[in-house]
Amino acid sequence: MIIVCSLFGVAILFLLYMVKEAFSNRILEHHLHFDKPANSRKTRIFFISDIHRRMIAEKIIDELSGNTDIVIIGGDLTEGKVPFSRIRRNLEKLSSLGPVYFVRGNNDYEANIGKLETLLTEFGVTILNNTSVLYKTLDGASIHLIGIDDLAEGSPDLESAVSTAGNSGIRLLISHNPKIIESIRDDHQIDLVLSGHTHGGQIRFLGFGLYEKGGMKKFGKTLLFVSNGYGTTALPLRLGAKAQTHLFSLYY
């Protein structure tokens with residue numbers, strides 16, 4: 001009986017630890033240098049993906065306030081049955097940091113897409129759906145933000161998206177699903193891809209999970225970054241794949 005109670009207690013503690021990891025608030029900082037004509041400029045990008053059912057913590061917004069140039073939402077802002085009041089509150093928080101850019105993820109399609117896009121537009125969010133926009137820094141540098149629709153649920157068109165971007169400055173591609181890297185060629189001239197979707201496996205045992213942990217890899221001339229994401233899917237639990245958000249400082 002004592003052994004059973006002890007095992008039960010350990011199981012409860014383990015479960016509580018997984019819940020704690022699922023609702024943790026981390027901002028990981030990344031400094032990336034690109035071989036461009038002037039390597040003294042810096043742009044700060046807050047990247048968050050896979051919010052799902054979570055409410056973004058005030059702690060994160062407070063830490064980023066005044067320290068962010070633009071915000072990128074890498075898909076799965078929401079999912080089915082998430083109240084639009086929660087989405088609205090998250091957008092209020094993110095838009096307080098700076099201009100916001102968004103690409104759709106597979107779970108975003110579980111929501112009313114028309115209502116979601118109306119809400120995004122209300123907060124001045126730029127929806128990058130197989131297109132690009134030019135972001136000009138205060139010192140006149142160029143960052144081409146290229147976004148494509150979700151690979152599984154949407155109608156992605158990489159060639160169309162890339163063709164709308166200019167050739168000068170940084171070319172940054174946002175795709176919810178990191179499998180887009182399989183379609184990127186050197187002549188696309190993509191410097192950096194930001195993605196999520198995999199949750200880093202979310203629950204990993206002995207280092208193994210359904211997906212690799214998030215991180216940075218290089219494919220040809222392109223850097224691919226995959227985030228573990230901020231929220232969870234199915235169970236609100238994490239193990240070995242910590243919840244995370246990201247502050248990128250791009251030097252060029």
Side-chain angles (χ1 to χ4, degrees), residues 30 32-37 43 45-51 69-78 99-111 113-114 116-118 120-121 124-137 140-199 211-212 214-227 229 246 248 250 252:
H30 312 270
L32 300 179
H33 295 258
F34 295 93
D35 185 19
K36 299 297 178 182
T43 297
I45 298 174
F46 177 58
F47 178 63
I48 185 169
S49 71
D50 302 280
I51 297 171
D69 295 307
I70 62 176
V71 175
I72 294 176
I73 306 171
D76 283 3
L77 167 64
T78 185
V100 181
Y101 302 85
F102 168 80
V103 297
R104 298 189 192 112
N106 57 303
N107 288 113
D108 292 312
Y109 280 94
E110 297 175 5
I113 285 293
L116 177 60
E117 292 193 350
T118 297
L120 289 164
T121 301
V125 176
T126 300
I127 302 170
L128 295 173
N129 187 31
N130 301 324
T131 190
S132 70
V133 295
L134 174 62
Y135 174 78
K136 280 283 190 181
T137 65
S142 300
I143 299 178
H144 299 275
L145 301 173
I146 308 165
I148 67 165
D149 204 355
D150 181 67
L151 300 190
E153 300 297 331
S155 300
D157 189 339
L158 177 62
E159 297 301 327
S160 177
V162 171
S163 69
T164 65
N167 293 319
S168 61
I170 299 290
R171 286 162 68 94
L172 193 165
L173 175 69
I174 308 115
S175 170
H176 178 64
N177 194 321
K179 281 191 174 182
I180 190 63
I181 196 65
E182 298 171 5
S183 302
I184 293 176
R185 305 186 306 268
D186 282 351
D187 63 278
H188 286 142
Q189 299 180 51
I190 302 298
D191 296 295
L192 174 65
V193 177
L194 297 181
S195 63
H197 180 60
T198 66
H199 296 206
Y211 297 97
E212 291 183 17
M216 187 86 68
K217 289 186 177 181
K218 190 166 187 178
F219 293 82
K221 298 180 180 179
T222 302
L223 287 173
L224 168 68
F225 181 80
V226 185
S227 173
H246 311 273
F248 285 89
L250 307 186
Y252 44 93

Distance-minimising heavy-atom pair for [X] and [Y]:
X: Glu212; Y: Thr198; answer: O-OG1, 4.1 Å
X: Leu158; Y: Ile148; answer: CA-CG2, 4.2 Å
X: Val103; Y: His176; answer: CG2-N, 4.1 Å
X: Arg171; Y: Val162; answer: NH2-CG1, 3.1 Å
X: Ile146; Y: Ser132; answer: CG1-CB, 3.8 Å
X: Leu250; Y: Ile45; answer: CD1-CD1, 3.6 Å

Looking at side-chain heavy atoms only, is the closest gap between [X] and [Y] below 4.5 Å?
X: Leu192; Y: Ile170; result: no
X: Ile70; Y: Leu145; result: yes
X: Phe102; Y: Asp108; result: yes
X: Ile184; Y: Ile181; result: yes
X: Ser49; Y: Asp76; result: no
X: Asn106; Y: His197; result: yes
X: Leu223; Y: Phe225; result: no
X: Tyr135; Y: Leu172; result: no

Q: Test Leu173 against Thr222 for side chain to side chain contact (heavy atoms under 4.5 Å, CB included), laying out the working first.
A: CA-CA 10 Å; Leu173 175 69; Thr222 302; over 6 Å; no
Any chance you could measure [X], atom [atom1], to [Y], atom [atom2], to the nearest 0.5 Å?
X: Arg185; Y: Ile190; atom1: CZ; atom2: CD1; answer: 10.5 Å
X: Ile48; Y: Leu194; atom1: CD1; atom2: CG; answer: 13.0 Å
X: Ile73; Y: Phe47; atom1: CD1; atom2: CZ; answer: 10.0 Å
X: Asp191; Y: His144; atom1: CG; atom2: NE2; answer: 10.0 Å
X: Asp50; Y: Asn107; atom1: CG; atom2: CG; answer: 8.0 Å

Q) Can you find a side-chain donor-acceptor pair between Ser175 and Ser195 that sits under 3.5 Å? A)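 There is no such pair between these side chains.
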Q.
Whether Asp149 and Arg104 form a salt bridge (side-chain N of Lys/Arg under 4.0 Å from carboxylate O of Asp/Glu) is what I want to check.
A.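 So Arg104 pairs with Asp149 through a salt bridge.
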Q: Name the orientation class of the two ring planes belonging to Phe248 and His30 (parallel below 30°, tilted from 30 to 60°, perpendicular beyond 60°).
A: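 Rings of Phe248 and His30: parallel, as their planes differ by under 30°.
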